[in-house]
Protein chains: 2
Amino acid sequence: MRTSQFFLSTLKEAPSEAELPSHKLMLRAGLIKKLGSGLYTWMPLGLRVLRKVEAIVREEMDKAGALELLMPAIQPAELWQESGRWAVFGPQMLKMKDRHERDFCFGPTHEEVITDIARSEIKSYKQLPLNFYQVQTKFRDEIRPRFGVMRAREFMMKDAYSFDVDAAGMAESYRKMHVAYSTIFTRLGLQFRAVKADSGAIGGDASQEFHVLADSGEDALAYCPTSDFAANVEAAEALAPAAPRAAASEALRDVDTPKQTTCEAVAALLDIPLQRTVKLIALVAGEQLQIVLLRGDHSLNEVKVGKLPGMADFRFASEEEIRAFFNCPPGFLGPVGIDRSRVRLIADRTVAAMSDFVVGANKPKFHTAGVNWGRDLPEADLVADVRNVVAGDASPDGKGVLEICRGIEVGHIFQLGTKYSQALSCNYLDAEGQLKPMEMGCYGIGVSRIVGAAIEQNFDEKGIKFSAAMAPFSVAIVPVGYQRSEAVKAAADALYAELKAQGVDVLLDDRDARPGSMFADMELIGIPHRVTVGDKSLAEGKVEYVARQDGNTELVAQADIVARLLGKLAQ
Amino acid sequence: MRTSQFFLSTLKEAPSEAELPSHKLMLRAGLIKKLGSGLYTWMPLGLRVLRKVEAIVREEMDKAGALELLMPAIQPAELWQESGRWAVFGPQMLKMKDRHERDFCFGPTHEEVITDIARSEIKSYKQLPLNFYQVQTKFRDEIRPRFGVMRAREFMMKDAYSFDVDAAGMAESYRKMHVAYSTIFTRLGLQFRAVKADSGAIGGDASQEFHVLADSGEDALAYCPTSDFAANVEAAEALAPAAPRAAASEALRDVDTPKQTTCEAVAALLDIPLQRTVKLIALVAGEQLQIVLLRGDHSLNEVKVGKLPGMADFRFASEEEIRAFFNCPPGFLGPVGIDRSRVRLIADRTVAAMSDFVVGANKPKFHTAGVNWGRDLPEADLVADVRNVVAGDASPDGKGVLEICRGIEVGHIFQLGTKYSQALSCNYLDAEGQLKPMEMGCYGIGVSRIVGAAIEQNFDEKGIKFSAAMAPFSVAIVPVGYQRSEAVKAAADALYAELKAQGVDVLLDDRDARPGSMFADMELIGIPHRVTVGDKSLAEGKVEYVARQDGNTELVAQADIVARLLGKLAQ
């Protein structure tokens with residue numbers, strides 16, 4: 001492609017609303033253009049990147065034996081009512097009525113539709129296993145769309161659905177998808193990690209997320225460097241402390257904490273480790289106050305809380321509700337001496353093993369120190385894992401110590417089991433003629449999100465650093481004086497023709513622009529390999545090669561440059 | 001691909017709701033599966049066909065210099081309000097509100113969005129011309145979806161939009177698209193015709209439709225075999241008769257027509273040519289009755305009527321309105337003696353040139369014969385072309401006589417001019433620094449509809465006859481006894497491997513099914529080339545080749561079959 005026949009539109013500054021580097025860079029490089037909140041046009045340059053990702057996803061899905069189909073984006077409400085998700089999916093689902101006032105949604109996912117297809121098309125075990133996938137525009141009405149294509153409302157997704165005769169078959173289909181996903185992200189040149197995950201609204205028994213590692217990632221991931229354990233912090237178990245609770249050694253006493261309303265402030269004032277403090281979080285579920293105790297340095301894991309008995313629909317208590325029960329402002333709340341008949345006390349496993357701890361005194365400006373279970377307050381009503389793991393925690397597999405990194409979720413694979421096949425009567429006849437529900441898996445990749453995540457992982461002050469697999473063009477030829485020097489024009493045109501003949505995706509920048517401006521554009525848009533053709537080096541029979549990855553520059557003989565580039569692209 | 005690893009699902013009978021052969025065959029062949037009214041899943045077999053069409057469309061658009069992008073399907077109402085089309089587009093547009101109660105639509109077309117992009121991205125004449133296109137899922141809420149993918153609500157469309165500095169530039173962009181479209185339909189192996197068209201809701205000055213010719217086509221097309229004139233009957237001008245009106249030669253008289261309420265019946269009773277009769281059609285526009293006179297064998301062209309002065313919003317008069325004015329039941333209405341101050345009389349050009357004609361007498365059971373303009377009734381208030389052309393009419397270019405055929409619209413190209421650029425202030429600076437509106441064109445192809453139209457044009461009693469360019473697989477290998485004969489299996493596998501190595505899209509039917517059933521499946525799904533591998537012919541070193549197009553069968557030496565197939569595919 002020649003720049004003069006393409007559409008480049010780069011900006012010096014990104015719109016101020018863009019927060020993340022990838023969002024800023026995608027706007028500045030002209031990969032995308034905003035139409036509305038969470039709605040982006042993929043401009044010609046950006047679409048080239050998206051299509052490359054899409055092609056690799058498709059190739060690996062095909063290699064894994066999945067069959068591509070294409071379901072409608074608009075889905076009738078009836079199927080969602082049958083699965084029970086019409087009411088529960090929530091406002092993320094964009095609903096609408098057609099001209100006949102029938103209910104439809106813009107499908108946020110397609111379990112219902114594919115299960116409907118499977119139940120009518122698949123009759124016998126002989127037809128199984130099957131794995132269907134599609135690459136399609138999805139819509140999720142995010143309450144706060146942001147980060148460009150990373151949390152857009154309309155996005156491109158690859159969703160796959162497997163059907164097997166039994167759980168072992170499902171596990172094998174799932175394993176194949178795990179392999180395919182790993183190959184996809186490897187081919188895209190991304191640093192990624194597969195982690196155990198919570199199954200959320202999709203449901204099912206087991207699931208893993210694939211994350212592109214990036215400091216700005218929305219998700220915290222826990223992994224064990226000395227084993228293969230890895231999980232989203234949401235889903236990583238915090239083990240109970242190995243050592244039993246120590247005996248009480250301090251007397252219960254109130255301590256003055258006139259302005260100290262946080263564990264950090266109290267610990268600093270008392271000059272004790274934060275690990276000796278306990279904080280109280282007031283929740284409401286089943287119309288009852290639920291008091292959670294966490295160690296001062298720990299944070300609440302809402303996913304874990306939601307899975308406790310009776311807590312599925314929990315919410316945080318309001319300040320009014322808190323004052324009504326404790327008769328005390330937040331910041332000084334404590335569990336000692338409260339009316340335990342009116343609340344449930346849930347202690348995190350770590351807190352349950354603590355002794356001589358410090359916690360709010362339940363009166364303004366005071367905390368209580370030397371608190372001990374049993375002696376000063378009855379044991380908790382429930383001891384459970386309700387916190388997020390932190391670096392240094394024991395790995396749940398017992399094989400080391402956890403570290404934390406951050407990631408951007410780009411894929412999610414689920415073992416669904418028979419959740420949808422039972423709800424929609426998606427059955428097959430086994431070899432004995434018995435009707436059985438199919439075992440299902442589902443597998444998503446955020447195709448458009450991958451582009452944002454890749455940039456979030458690979459950029460510098462000059463712009464995007466795409467891998468050759470994702471770059472809009474693999475090679476940029478930048479002639480200095482294309483419109484003025486016959487020699488430069490001839491050399492650049494010849495190199496362009498030769499690379500094209502070799503099937504290289506090459507951009508010839510034939511604009512009549514300043515070299516610095518052309519270089520800056522090529523760096524901004526992330527072309528991995530650049531060849532500068534200028535009179536000076538041509539006089540010596542050479543061109544200049546620059547690697548975007550490390551900025552390394554070298555003069556290469558004209559006769560060698562094509563082979564050199566092909567060598568680099570083959571790496 | 002091996003059948004055992006693919007998903008074939010053929011039916012003996014099509015669901016009864018399918019009317020058209022293409023709809024029946026697409027369901028029977030398992031190309032598509034219905035999800036709801038006008039909503040179809042493209043099953044793996046059908047998606048292969050759709051993707052082949054899509055790829056050819058994309059290749060030719062790229063060759064023509066158009067740049068692919070991808071706009072959101074969901075569009076904010078604001079842009080449509082700015083262009084004025086939010087209110088006028090009608091119930092075909094699927095509207096919805098997001099969680100914040102803002103108005104959106106599922107874009108039925110993208111003039112507004114692309115014009116919004118152009119006005120912010122294109123500043124100078126130096127950036128022009130540009131032509132952007134996308135291949136995207138569209139939604140139009142048809143009042144009566146039918147004919148499968150041919151009139152579905154959700155469908156795949158290629159839409160392109162060109163921007164030029166002036167009308168000459170726009171005409172050149174339009175010409176390039178005309179060439180690209182012709183190449184696309186030629187490559188797809190379709191019999192097609194480009195015809196002059198009405199611009200409808202999209203607007204603009206000139207437009208042409210591309211039709212796949214098929215007897216069942218919804219559109220009637222007029223063309224002149226001795227010139228290059230071709231137009232949708234909607235848009236084909238009916239010239240005024242060359243000969244002047246003859247002088248009156250008969251006396252005005254009533255004739256008994258006790259039961260004759262149609263021109264056909266009256267002509268039969270009186271034993272005169274239908275061409276001597278005139279019929280009356282009562283319309284209402286501007287709160288006034290509008291009486292149109294047509295020759296008995298002609299039909300009203302509503303598009304032409306809608307373009308007459310004051311007729312933009314015309315409707316047909318109700319029987320009540322007719323009786324109130326004429327005091328006579330329909331079937332006997334006539335223009336003689338009516339109160340001309342309360343109606344407008346519109347005569348078709350042909351009728352205006354008639355003399356001694358027969359028309360209703362305006363009293364039950366009577367017609368009037370020997371009617372003559374001027375003598376028996378005042379000349380018409382308006383003489384205009386308001387009828388559909390018929391076979392035998394003079395070609396509007398004066399170069400012959402029209403014929404009529406039927407077609408399925410698969411593409412439409414428009415010269416929009418400045419309709420949208422003016423409404424949305426989409427301007428550029430010309431070489432003199434003057435701000436000018438861009439001249440636009442737009443160009444659509446119904447990608448999914450092409451599949452239906454191609455089948456409608458190419459089928460027989462056995463099923464679909466795809467061209468090699470569109471077929472889900474170019475070649476089918478059907479081994480007879482694949483599971484039983486080592487020789488058959490070895491020969492089939494070797495041929496399969498060799499064809500795959502040559503890049504041929506080949507299906508090996510490795511099912512353990514009856515040969516007749518496998519043959520029938522391959523014929524139904526429209527594979528153009530079939531090779532049968534069986535023990536009997538293998539003993540002679542031969543395989544059987546069958547052409548789907550004509551059913552011709554020949555024995556070919558095993559050593560020659562690959563070259564023979566490659567030769568046929570290269571045709």
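So that the names make sense, note that chain A is the first sequence line, chain B the second, and so on, each numbered from 1.
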Inset, instruction - For atom NZ of B:Lys500, decide whether the heavy atoms of other residues, nucleotides or ligands shown that lie under 6.0 angstrom number more than 12. - result: no
Quick check on the interface: out of [options], who has the most heavy-atom pairs with chain B under 4.5 Å?
| options | value |
| --- | --- |
| A:Leu79, A:Ile117, A:Leu50 | A:Ile117 |
| A:Asp141, A:Thr137, A:Asp116 | A:Asp141 |
| A:Met71, A:Glu68, A:Met96 | A:Glu68 |
| A:Pro91, A:Ser9, A:Gly36 | A:Pro91 |
| A:Ile122, A:Leu130, A:Leu94 | A:Leu94 |

Heavy-atom contact with chain A under 4.5 Å, split by part of [X]:
| X | result |
| --- | --- |
| B:Lys126 | neither |
| B:Ile143 | both |
| B:Gln134 | neither |
| B:Phe6 | both |
| B:Leu70 | both |
| B:Leu45 | neither |
| B:Ile74 | both |
| B:Arg153 | side chain |

Inset, instruction - Mind checking ring pair (Phe, Tyr, Trp, His ring centres under 6.0 Å) for B:Phe106 and listing every partner two or more places apart, or none if nothing turns up? - result: A:Phe106, B:Phe139
Is there a side-chain contact between [X] and [Y], using heavy atoms and a 4.5 Å cut-off?
| X | Y | value |
| --- | --- | --- |
| B:Lys176 | B:Asn131 | no |
| B:Arg85 | B:Met93 | no |
| B:Thr109 | B:Arg140 | yes |
| B:Trp42 | A:Leu69 | no |
| B:Gln127 | B:Glu121 | no |

Legend entry - Single hit among B:His110, B:Glu154, B:Met156 for side-chain contact (heavy atoms from CB on, under 4.5 Å) with B:Lys138: B:His110
Legend entry - From CA spacing to verdict: ring-ring contact (aromatic ring centres under 6.0 Å, His included), A:Tyr420, A:Tyr161: CA-CA 11 Å; A:Tyr420 295 93; A:Tyr161 307 88; 8.8 Å; no
Inset, instruction - Among B:Met43, B:Gln5, B:Lys33, single out the residue with the greatest number of heavy-atom pairs under 4.5 Å to chain A. - result: B:Lys33
Legend entry - Options B:Pro44, B:Ser37, B:Ala73, B:Ser4, ranked by heavy-atom pairs under 4.5 Å with chain A, top entry: B:Pro44
Legend entry - side chain to side chain donor-acceptor pair (under 3.5 Å) partners for A:Asp509, two or more places apart: A:Thr3, A:Arg511
